[in-house]
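Counting from 1, the numbers follow the sequence of the chain as shown. Only a predicted model underlies this, so the values are computations on that prediction, with no experimental measurement involved.
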Amino acid sequence: MQVDYKKLWIRLIEKEIKNKTDLIPLAGISTNILAKLNKGEYVSMNSLAKICRALDCDIGDICVIKEVNKK
């Protein structure tokens, strides 16, 4: 499975947050977490909850779990 954070980046644009790095102090996350988000890697539920609180949204508003097709 793979995590897609495209909805998060769209949400930031909608909230007029111009730089992804602005999410660090806003949500109280580390630069490490932001790097993982940028790479589409898994982050802790605690980190996702902080982002949701900061952006006043639900987890489904910022990420999607996708099935990776194995051939």
#### Entry: Within-4.5 Å side-chain heavy-atom neighbours: Asp22 and Leu12
no
### Task
First locate atom CZ of Arg11, then atom CG of Leu23, and finally report the distance between them rounded to the nearest 0.5 Å.
12.0 Å
#### Entry: Same apolar cluster (I L V M F W Y, side chains within < 4.5 Å links), Ile13/Ile24
no
### Spacing of CG belonging to Leu48 relative to SG belonging to Cys63, to within rounding of 0.5 Å
5.5 Å
### Summary
Taken to the nearest 0.5 Å, the spacing of Ile51 CD1 from Leu26 CG works out to 9.5 Å
### Task
Check side-chain hydrogen bond (donor to acceptor under 3.5 Å, both in side chains) between Thr21 and all other residues, then give those that pass, not counting sequence neighbours.
none
### Summary
The side-chain contact (heavy atoms from CB on, under 4.5 Å) partners of Ile10 (sequence neighbours excluded) come to Lys6, Glu14
### Task
Under the side-chain hydrogen bond (donor to acceptor under 3.5 Å, both in side chains) rule, collect the residues that match up with Lys20, sequence neighbours excluded.
Asn38
### Message
Strictly by side-chain hydrogen bond (donor to acceptor under 3.5 Å, both in side chains), give each pair with a member in residues 43-64 just once, sequence neighbours left out.
### Response
Ser44-Ser47
## Note on the structure
Residue set satisfying side-chain contact (heavy atoms from CB on, under 4.5 Å) with Gln2, at least two apart, ordered chain then number -> Val68
### Message
Less than 4.5 Å apart, side chain to side chain, heavy atoms only: is that true for Leu8 and Leu55?
### Response
yes
### Query
Any side-chain hydrogen bond (donor to acceptor under 3.5 Å, both in side chains) pairs touching residues 28-37, not counting sequence neighbours?
none
### Task
Return yes if some donor-acceptor pair links the side-chain N/O of Tyr5 with the main-chain N/O of Val64 below 3.5 Å, else return no.
no
#### Entry: Considering all heavy atoms, the nearest Ile62-Cys57 contact
CG2-SG, 3.6 Å
### Task
Check salt bridge (charged side-chain N to carboxylate O under 4.0 Å, His left out) between Lys66 and all other residues, then give those that pass, not counting sequence neighbours.
Asp4
